[in-house]
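In what follows, chains are A, B, ... by sequence order, proteins preceding strands, each numbered from 1.
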Amino acid sequence: MSETTDFIRDIVRADLASGRTQTVATRFPPEPNGYLHLGHAKSICLNFGVAAEFGGACHLRFDDTNPVKEEQEFIDSIQRDVRWLGFDWGEHLYYASDYFEQLYNWAEHLIHAGLAYVDDTPPDSMRSQRGTLTEPGQNSPFRTRSVDENLDLFRRMRAGEFPNGARVLRAKIDMASGNMNLRDPVLYRILHAHHPRTGDAWKIYPTYDFAHGQSDAIEHITHSVCTLEFEDHKPLYDWLLDNIPAPSRPRQYEFARLNITYTVLSKRILTRLVSENHVSGWDDPRMPTIAGIRRRGVPAAALREFVRRIGVARAYSTVDVQQLDAAIRDTLNPAAPRRMAVLRPLKVIIENYPEGQTETLEAINHPDDPSAGTRTVTFGREIYIEAEDFMEDPPKKFFRLAPGKEVRLRYAFFITCTGIDRGPNGEILALRCTYDPATKGGNAPDSRKVQATMHWVAAADAVTAEVRLYDHLFAHPNPGAEGDVMADLNPASVEILSNCLLEPALADAPIGAAVQFERLGYFCRDRDSTPSRPVFNRTTGLRDTWAKVQAEPTKSQPAKRAARGSRPENLTTLKTT
RNA sequence: UGGGGCGUCGCCAAGCGGUAAGGCAACGGAUUUUGAUUCCGUCAUACGGAGGUUCGAAUCCUCCCGCCCCAGCCA
């Protein structure tokens, strides 16, 4: 495994080698208007990762220039999520709002230099004056105001003399530029709004363009890394820094933002999912937010591994969500202790096992890690197995329990199905089996083989629990591609099973800690658990080749080449029942 | 007939003029008290297309095609 490299790191390395900079300073600059998601995780890993690898620092800076959208709750959650992801900004916690006074002074500097003017043009007119993509814009009639008048008006804007929208401060650049961002961009707007940090001190707020590069310069950021859609802003970023007495000269670099199949990473849409109650909240385990993913049971290391695997480039791309599942499994497999849980219980009565008797068996906590130790499980006359592990009339390739068939109960005994107890309508109530006492622990002295080993729990001490099985939030690989995103919501994105049975060792599992339910997947206890009723979330399933075998109609299905634009549909894990 | 970008295996992604890394997926096979894991093997004469330069091009040049972003007083 070679060390991580990408074009950003190449640039940093070259800048260090050429002496363009002696140190490296990056920043992660979220606007506190929502929760962080997987796209942010990519940026966080990149910015903090680069800083760490090159002995520099990465700042956490809140880009809080638009008070109408920002909230303290988001400031708090962002810090929590970045920390949870495993990164530390140390002393370097900043807010663009900390620079409002400096920014204001620089705005006056531009006015003095004749490079900025107060414009009274109403928003609608300003839009039409801006021209179109193919036609140049027209100069505002206020573009030629005197420095003194501009200064006076700008100061009165700050003083709160004018209502929202009455005037703005604009940079005087080029209304005919092919780059729309250079057609006299707005630098300040009037906003009589309460800011989570500066309260009511300000009546005007700088725009992104007038705050971001300057904040970078104030903090002596060397490499300001953002996503591709800001590419067109770079000439403005540079123009502004060229025309103020900037304390340092940061440079902007852009990379492709993250897209994932069956997933939406638009803060606007995520906000709607929450506000319209399509999910239970920002940390709903189906959400692609860091908080949701954490609640689902995904460890931070898995997210970092996912980000490492997908790389950083400038090419537009959409990562297959399976890639995330694979990183989760690869992280959890060596770490998660194994336990047994039955999601859809089917009672089994061991007819030759003495009534009222139980015994204790030893089970290992991890097959590849002896140091994980062992635990004990109870065995008795009545046990439960997974309903889908029994078929009355099994097809050829079904290895599990069936009438007359012998299988192994993991860590316990071989059992053979001898009969079926039925209800009045012929439904299966329970299975009658016999066990072979000589196979205790799971090995037959005569070394006879069975085709399957199945998980189970004892009726005597099983704990009832609720288990929530999550599937993709969206049913379409590219949600919204055909119109309304909400129309692509997966109606079956969660399945709640309320009569699951757990081995007792699971009852007091810590919330959020990953555990593997053998043969089923990775799960963790949810915070909705009560002392009497545990609730578990499925983080992700195990690879399931049986499900694949089952799914294929015939082996002769022609290997169809995916048509352009379409994607393989077999992306879901464990679509049981 | 505006400006800025991007096109390498089904999906990501290395490659920076010297003869196509790696990961995910897929497909074979071995081991297996999880149809899991692990292990071994297969998987681009080919780099959007066409020309050109060169002993040699995914890498340089020209033209063409396709896709993405920009007309918020959002970020």
Within the 4.0 Å heavy-atom criterion, would you say A:Q323 contacts the bases, only the backbone, or no part of the nucleic acid? base
Return the 5'-most residue of the pair A:H233, A:T134 with respect to RNA chain B, ranking by each residue's nearest nucleotide. A:T134
For salt bridge (charged side-chain N to carboxylate O under 4.0 Å, His left out), just list the numbers for A:R400 and A:E386, CA-CA rounded to whole Å, side-chain angles, deciding distance to a tenth of an Å, and then say yes or no. CA-CA 10 Å; A:R400 285 107 97 144; A:E386 205 66 62; over 6 Å; no
Does A:R329 contact B:U37 through a side-chain donor or acceptor facing the base, at a distance under 3.5 Å? no
Could you check whether A:S177 gets within reach of a base, just the sugar-phosphate, or nothing at all, counting any heavy atom under 4.0 Å? nothing
Residue-phosphate contact under 4.0 Å: A:R183 side-chain N/O, B:A71 OP1/OP2: no
Any strand counts, and the cut-off is 3.5 Å on both contacts for Watson-Crick or G-U wobble. Which nucleotide pairs with B:A44? none
Checking all strands, does A:Y205 fall into the base, sugar-phosphate, or nothing category for heavy-atom contacts under 4.0 angstrom? nothing
Looking only at side-chain N and O atoms, does A:K548 come under 4.0 Å of OP1 or OP2 in B:C27? yes
Test side chain to side chain donor-acceptor pair (under 3.5 Å) applied to A:T121 and A:D119, step by step: CA-CA 6 Å; A:T121 308; A:D119 195 338; 2.5 Å; yes
Applying a 4.0 Å non-hydrogen cut-off, can you work out what A:E135 is touching in the nucleic acid: base, sugar-phosphate, or nothing? nothing
Once you measure the plane-to-plane angle for A:F154 and A:Y104, does it fall in the parallel (<30°), tilted (30-60°) or perpendicular (>60°) bin? parallel
Aromatic A:Y94 / basic A:R27 pairing, under 6.0 angstrom, 45° off normal: no
If you take any heavy atom closer than 4.0 Å to RNA chain B, which residues from residues 366-373 of chain A end up in contact? A:P367, A:D368
Heavy atoms from C-beta onward define the side chain here; which of B:C6, B:C11, B:G2 lies closest to that of A:R314? B:C6
For A:T439 and A:E231, take the nucleotide of RNA chain B holding the closest heavy atom to each; which residue's nucleotide lies nearer the 5' end? A:E231
Could you check how far CG of A:N181 sits from P of B:C73, rounded to whole Å? 10 Å
Both distances under 3.5 Å, Watson-Crick or G-U wobble: report the partner of B:C6, or none. B:G66
Just compare B:C74, B:G2, B:A25 and give me whichever is closest to any side-chain atom of A:R543. B:A25
Tell me: CZ of A:F399 to C1' of B:U32, nearest whole Å? 13 Å
Using both distances under 3.5 Å as the test, list the Watson-Crick or G-U wobble partner of B:C11, or none. B:G23
Within the structure shown, what part of the strands sits under 4.0 Å from A:V168 by heavy-atom distance: base, sugar-phosphate, or nothing? base
Under a 4.5 Å cut-off applied to non-hydrogen side-chain atoms, are A:I350 and A:F413 in contact? no
Polar side chain donor-acceptor pair, A:Y522 to A:Q516, under 3.5 angstrom: yes
Which listed nucleotide (B:G23, B:G4, B:A13) is nearest to the side chain of A:Y316? B:G4
Less than 4.0 angstrom between a side-chain N/O of A:R309 and OP1 or OP2 of B:C12, yes or no? no
Short heteroatom pairs, N/O only, protein and nucleotides 14-16 of chain B, under 3.5 Å:
unit_1: B:A14; atom_1: OP1; unit_2: A:V312; atom_2: O; d: 3.3

Which nucleotide sits closest to the side chain of A:T453: B:G5, B:C73, B:U34? B:U34
Which listed nucleotide (B:C6, B:A13, B:A75) is nearest to the side chain of A:F230? B:A75
Whole-Å P distance, B:A14 and B:G51: 29 Å
What is the ring orientation for A:F230 with A:Y208, classed by angle as parallel under 30°, tilted 30 to 60°, or perpendicular over 60°? tilted
Nucleotide B:U34, atom P - distance to CG of A:L332 in whole Å: 19 Å
Whole-Å distance, A:F306 CZ to B:G23 P, equals 17 Å
Output the rounded distance in Å from CD (A:E229) to P (B:A71). 11 Å
A cation-pi test, strictly: NZ or CZ of A:R197 under 6.0 Å from the centre of the six-membered ring of A:Y95 and no more than 45 degrees from its axis. Yes or no? yes
Nearest-Å distance once atom P is located in both B:G48 and B:U34: 46 Å
Nucleotide B:U37, atom P - distance to CD1 of A:I328 in whole Å: 15 Å
Once you apply a heavy-atom cut-off of 4.0 Å, does A:E518 come out as touching a base, just sugar-phosphate, or nothing? base
Within the structure shown, what part of the strands sits under 4.0 Å from A:F255 by heavy-atom distance: base, sugar-phosphate, or nothing? nothing
Look at all strands and tell whether A:T227 reaches a base, only sugar-phosphate, or nothing, counting heavy atoms closer than 4.0 Å. nothing
Any side-chain donor paired with an acceptor under 3.5 Å for A:E518 and A:Y411? yes
Base orientation of B:G72, chi within 90° of 0 counted as syn, else anti, reads syn
Could you give the distance separating B:U62 and B:G10 at their P atoms, to the nearest angstrom? 30 Å
Just checking A:I310: base, sugar-phosphate only, or nothing, at a heavy-atom cut-off of under 4.0 Å? sugar-phosphate
Could you tell me whether A:M454 contacts a base, only the sugar-phosphate backbone, or nothing, with contacts defined as non-hydrogen atoms closer than 4.0 Å? nothing
Reckon A:P67 touches a base, only the sugar-phosphate, or nothing at all at heavy-atom distances under 4.0 Å? nothing
Regarding A:D232, tell me which of base, sugar-phosphate or nothing describes its non-hydrogen contacts under 4.0 Å with the strands shown. base
Within this structure, what is the CG-to-C1' distance between A:D63 and B:G72, rounded to whole angstrom? 16 Å
At 4.0 Å (heavy atoms only), tell me whether A:R408 reaches a base, stays on the sugar-phosphate, or touches nothing. base
Spacing of A:L228 atom CG relative to B:G5 atom C1', expressed in whole Å: 6 Å
Determine the interatomic distance between C1' on B:G22 and the same-named atom on B:C64; round to the nearest Å. 33 Å
Where does the angle between the aromatic ring planes of A:Y262 and A:H472 fall among parallel (under 30°), tilted (30 to 60°) and perpendicular (over 60°)? parallel
Have a look at A:T207 and say if it touches a base, only the backbone sugar-phosphate, or nothing, with a 4.0 Å heavy-atom cut-off. sugar-phosphate
